[in-house]
Amino acid sequence: MKSSIIRVRIAPSPTGFVHVGNLRTILYNYLFAIHEKGKFIIRIEDTDQSRLVPGAIENLLQSLQWAGIEGEEGPYLTKDNKVKERGEFGPYTQSARLDIYNTHIKTLLDKNKAYYCFCTKQRIDDLRDEQRKQKLPPKYDGFCRNLSKTEVQSLLNSGTPHVIRFKMPENKQVIFEDLIRGQISVKTKDMDDYVLIKSDGFPTYHFANIVDDHLMKITHVLRGDEWIASTPKHALLYEAFGWHAPVFAHLPVLLNKNGKKLSKRDGDVSVQDFIDKGYLKEAIINFIALLGWNAGTEQEIYTLNELTKQFSLDNVHKSGAVFDVDKLDWINGMYIRKLSLDDFYEQCLPYLIEAKLIIEKNKKLVIKDTGEEIKSSYLKNILALEQTRIKKFTEVGEVLEFFFKKELDYDPKKLVWKKSNKTDSLKNLKLLEKLLNEINESDFSSENLKKLITALLQENNIDTGSMLWPMRYALSGRDNSPDPFEIAQALGKEKTVERINLAITKLM
RNA sequence: GUCCCCAUCGUCCAGUCGGUUAGGACGCUGGCCUUUCAAGCCAGUAACAGGGGUUCAAAUCCCCUUGGGGACGCCA
């Protein structure tokens with residue numbers, strides 16, 4: 001009975017992709033479990049057969065794997081991407097537990113805590129319409145509540161469709177303790193004789209959830225806010241069975257910019273969408289962990305490991321948190337800057353291919369515009385210049401495009417620095433061209449170029465800007481870019497000179 | 001309509017036993033650096049929803065109002 005080990009579960013229904021809000025609930029469950037040295041369990045709640053989406057379980061498990069979150073019990077993905085189950089409290093998929101629900105509903109029926117209801121869908125709908133019209137709370141009226149045993153038996157014998165409802169006790173105050181919100185109290189007169197078993201023989205969430213949580217020895221239920229109103233129903237069910245209820249903790253929801261619950265209507269909210277947009281898992285996890293929780297310190301950047309060490313339900317907020325993309329971008333930028341160059345390269349490559357700047361040909365990388373083969377070491381040098389400049393990987397294509405163009409297309413007027421003029425710019429570029437031509441290919445490093453060009457400026461008494469701005473513009477064709485010396489080094493002598501020449505032509 | 005829950009800068013969070021110039025971060029603005037943009041550093045901007053209590057003292061405790069959210073399915 002008394003088990004000191006904490007067991008928490010996540011109970012997703014396989015009805016689509018994993019939403020960031022789900023991911024946060026999952027994350028908090030995981031953090032709590034690991035922090036408390038407990039068990040983290042996955043259970044699939046597929047009792048609504050009409051809403052099942054093929055591949056949703058695989059998608060869920062992949063998303064967890066991506067996030068670095070692993071369940072100790074329940075379904076998992078094998079190396080060849082098959083779904084298998086592990087753990088001693090299985091099966092962990094509700095559709096495989098129908099027998100269990102059947103034996104448990106019998107106990108409730110025998111205890112007179114539940115009853116058969118033969119009301120048609122039509123009657124229930126009409127009833128609710130009428131109640132709404134009269135501005136009454138919609139509720140089942142208990143029509144079948146007191147059917148005699150013989151009436152029930154004969155209806156069952158004739159195969160009349162039916163559901164099984166919970167017999168809500170009358171005039172009772174239900175009080176439960178929520179770890180985050182404290183005591184919550186509801187009167188049974190405000191609750192319905194809700195359905196336990198549907199007419200297709202499948203249990204509802206309310207029933208299956210309670211039976212499974214009990215059988216799987218779940219000690220803490222951390223779930224979304226939207227369940228708070230159903231928790232008294234659940235508490236009553238535990239009571240009807242004579243079971244101890246787990247500890248409940250209802251997590252605040254994620255909101256959109258308008259303060260409404262974040263939903264599909266707000267655009268891309270699935271975890272996959274964020275991955276596609278070029279966010280790092282570390283950034284997403286860090287960000288959503290902080291939405292509704294903090295350690296009481298001023299730390300903003302956390303690894304998953306640090307989170308598991310510091311996480312506590314004591315510091316979880318009660319109110320919903322707005323999902324602010326600006327802050328996500330900032331955090332993502334922080335993580336991008338921390339990446340090693342190799343990792344940064346690995347992350348960026350798919351986006352460069354996606355942006356159609358680079359194509360893969362016979363396992364070689366080729367610049368699409370020029371057809372030249374490109375070495376990964378070269379690509380890394382270029383990427384290094386942008387690592388502090390992007391906030392998400394989707395930006396890498398645009399910002400790097402100029403490196404891969406055969407010929408740059410820009411407005412010649414832009415070659416002139418704001419404090420300079422056309423004549424000087426042209427003169428300076430010609431001086432620069434002459435100098436560059438004299439430098440050996442092997443000496444074309446940014447440091448050396450900087451040294452030589454600085455000397456050139458001093459020698460001729462030229463303003464830094466009136467030389468470096470045209471140079472930078474000639475090489476990048478962009479208002480904003482990295483340092484001209486860095487670009488020149490990355491481009492190499494030939495292309496650098498070529499671009500300077502082009503600029504001279506454009507200015508003349 | 002009924003029930004439940006929530007309320008500190010624009011946003012995310014500190015402020016958990018009542019006493020703070022109400023703190024940090026994102027964003028925004030300005031500065032430094034500087035050839036541009038980032039990055040980095042520095043500075044500034046901005047909040048206790050309102051009203052009553054309790055108290056020597058309230059962002060903090062209590063009540064009301066207002067505002068917001070959620071639930072009221074044979075969905076989860």
Side-chain angles (χ1 to χ4, degrees), chain A residues 11-13 15 45-48 50-51 117 119 121 124-125 128 131-140 161-165 178 181-182 184-187 189-192 194-206 208-209 223-232 250 252-253 255 257 259-261 287 290-301 314-315 317-331 333-334 337 385-391 399 417-420 463-473 476 478-485:
Chain A
S13 50
T15 54
E45 308 221 324
D46 58 348
T47 54
D48 185 351
S50 65
R51 291 206 310 156
C117 171
C119 291
K121 184 95 171 48
I124 304 286
D125 287 348
R128 273 197 266 266
Q131 286 164 332
R132 285 220 163 83
K133 214 177 281 171
Q134 289 182 37
K135 301 208 182 281
L136 290 167
K139 246 178 94 172
Y140 180 62
H162 61 273
V163 300
I164 298 173
R165 290 181 181 274
D178 185 286
R181 285 148 208 280
I184 295 173
S185 130
V186 186
K187 297 180 185 71
K189 73 173 175 62
D190 295 318
M191 284 189 269
D192 212 356
Y194 62 99
V195 173
L196 263 14
I197 302 288
K198 302 184 258 188
S199 55
D200 64 358
F202 276 75
T204 58
Y205 169 87
H206 301 299
N209 191 267
R223 80 230 296 195
D225 232 351
E226 68 271 22
W227 291 108
I228 205 155
S230 338
T231 308
H250 288 93
V253 286
L255 310 170
K257 277 212 153 116
K260 309 274 183 207
K261 192 172 165 181
F287 177 63
L290 257 25
L291 248 32
W293 170 85
N294 86 96
T297 65
E298 281 172 4
Q299 186 174 350
E300 300 275 343
I301 301 299
D314 296 345
N315 306 324
H317 263 220
K318 293 177 181 175
S319 49
V322 174
F323 192 96
D324 178 15
V325 180
D326 283 338
K327 188 142 187 182
L328 207 211
D329 283 353
W330 174 75
I331 293 182
M334 296 290 279
R337 273 167 255 145
L385 306 183
E386 295 294 346
Q387 198 167 354
T388 59
R389 270 167 247 270
I390 62 168
K391 289 217 160 105
V399 106
W417 190 39
K418 59 183 175 185
K419 293 181 190 167
S420 180
D463 267 349
T464 325
S466 52
M467 171 64 94
L468 296 188
W469 172 275
M471 175 181 175
R472 196 186 59 75
Y473 215 96
S476 68
R478 289 175 62 90
D479 289 351
N480 309 325
S481 80
D483 187 294
F485 309 115

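Numbers restart at 1 for each chain; the letters A, B, ... are given by sequence-line order, proteins then strands.
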Can you tell me, in whole Å, how much space there is between the [atom1] of [N] and that of [M]?
| N | M | atom1 | value |
| --- | --- | --- | --- |
| B:C48 | B:G23 | P | 13 Å |
| B:G19 | B:C61 | P | 11 Å |
| B:C62 | B:U20 | C1' | 24 Å |
| B:A25 | B:U45 | P | 14 Å |
| B:C9 | B:A14 | C1' | 13 Å |
| B:C28 | B:A39 | P | 10 Å |

Heavy-atom side-chain proximity of [X] to [Y] below 4.5 angstrom:
| X | Y | answer |
| --- | --- | --- |
| A:Thr231 | A:Arg223 | yes |
| A:His162 | A:Ile197 | no |
| A:Phe323 | A:Phe287 | yes |
| A:Val195 | A:Tyr140 | no |
| A:Glu226 | A:Lys261 | yes |

Do the ring planes of A:Tyr205 and A:Trp227 sit parallel (below 30°), tilted (30 to 60°) or perpendicular (above 60°)?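 Because their plane-to-plane angle is under 30°, the rings of A:Tyr205 and A:Trp227 count as parallel.
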
What does [X] touch in the nucleic acid at a heavy-atom separation under 4.0 angstrom: a base, only the sugar-phosphate, or nothing?
| X | answer |
| --- | --- |
| A:His317 | sugar-phosphate |
| A:Val322 | sugar-phosphate |
| A:Ser185 | sugar-phosphate |

Using the test salt bridge (Lys or Arg N to Asp or Glu O under 4.0 Å), find all partners of A:Arg51 that sit at least two apart in sequence or belong to another chain.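 A:Asp48.
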
Name each donor-acceptor pair under 3.5 Å that joins a side chain in residues 464-471 of chain A to protein atoms two or more places apart or in another chain, with its distance.
from: A:Ser466; atom 1: OG; to: A:Asp463; atom 2: O; distance (Å): 3.0
from: A:Trp469; atom 1: NE1; to: A:Lys414; atom 2: O; distance (Å): 2.8

With side chain to side chain contact (heavy atoms under 4.5 Å, CB included) as the test, would you mind laying out the steps for A:Asp225 and A:Arg181 before giving the verdict? CA-CA 10 Å; A:Asp225 232 351; A:Arg181 285 148 208 280; 2.8 Å; yes

Rounded at 0.5 Å granularity, tell me how far CE in A:Met191 sits from NZ in A:Lys139.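 Spacing of CE (A:Met191) from NZ (A:Lys139) equals 9.0 Å.
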
Scan nucleotides 15-25 of chain B against the protein and return all N/O pairs shorter than 3.5 Å with their distances rounded to 0.1 Å.
from: B:G23; atom 1: O2'; to: A:Glu298; atom 2: OE2; distance (Å): 3.3
from: B:G24; atom 1: O4'; to: A:Glu298; atom 2: OE2; distance (Å): 3.2
from: B:A25; atom 1: O4'; to: A:Glu300; atom 2: OE2; distance (Å): 3.0
from: B:A25; atom 1: O2'; to: A:Lys327; atom 2: NZ; distance (Å): 3.3
from: B:A25; atom 1: N3; to: A:Lys327; atom 2: NZ; distance (Å): 3.2

[N] phosphate, OP1 or OP2: any side-chain N/O from [X] under 4.0 angstrom?
| X | N | result |
| --- | --- | --- |
| A:Thr47 | B:A76 | yes |
| A:Arg128 | B:G73 | yes |
| A:Arg132 | B:C72 | no |

Taking only N/O atoms, report every protein-nucleotides 28-36 of chain B pair under 3.5 Å with atom names and distance.
from: B:U35; atom 1: O2; to: A:Arg472; atom 2: NE; distance (Å): 3.3
from: B:U35; atom 1: O4; to: A:Asp483; atom 2: OD2; distance (Å): 2.7
from: B:U36; atom 1: O2'; to: A:Asp479; atom 2: O; distance (Å): 3.0
from: B:U36; atom 1: O2'; to: A:Asn480; atom 2: OD1; distance (Å): 3.1
from: B:U36; atom 1: O2; to: A:Arg472; atom 2: NH1; distance (Å): 3.3
from: B:U36; atom 1: O2; to: A:Ser481; atom 2: N; distance (Å): 2.9
from: B:U36; atom 1: O2; to: A:Ser481; atom 2: O; distance (Å): 3.1
from: B:U36; atom 1: N3; to: A:Ser481; atom 2: O; distance (Å): 2.7

In dot-bracket, 5' to 3', how would RNA chain B read with Watson-Crick or G-U wobble pairs under 3.5 Å, [ ] for crossing ones and | for pairs to another strand? (((((((..((((.....[...))))((((((.......))))))...(((((..]....))))))))))))....

Interface polar pairs with nucleotides 58-69 of chain B, N/O, under 3.5 angstrom:
from: B:G69; atom 1: OP1; to: A:Lys260; atom 2: NZ; distance (Å): 2.0

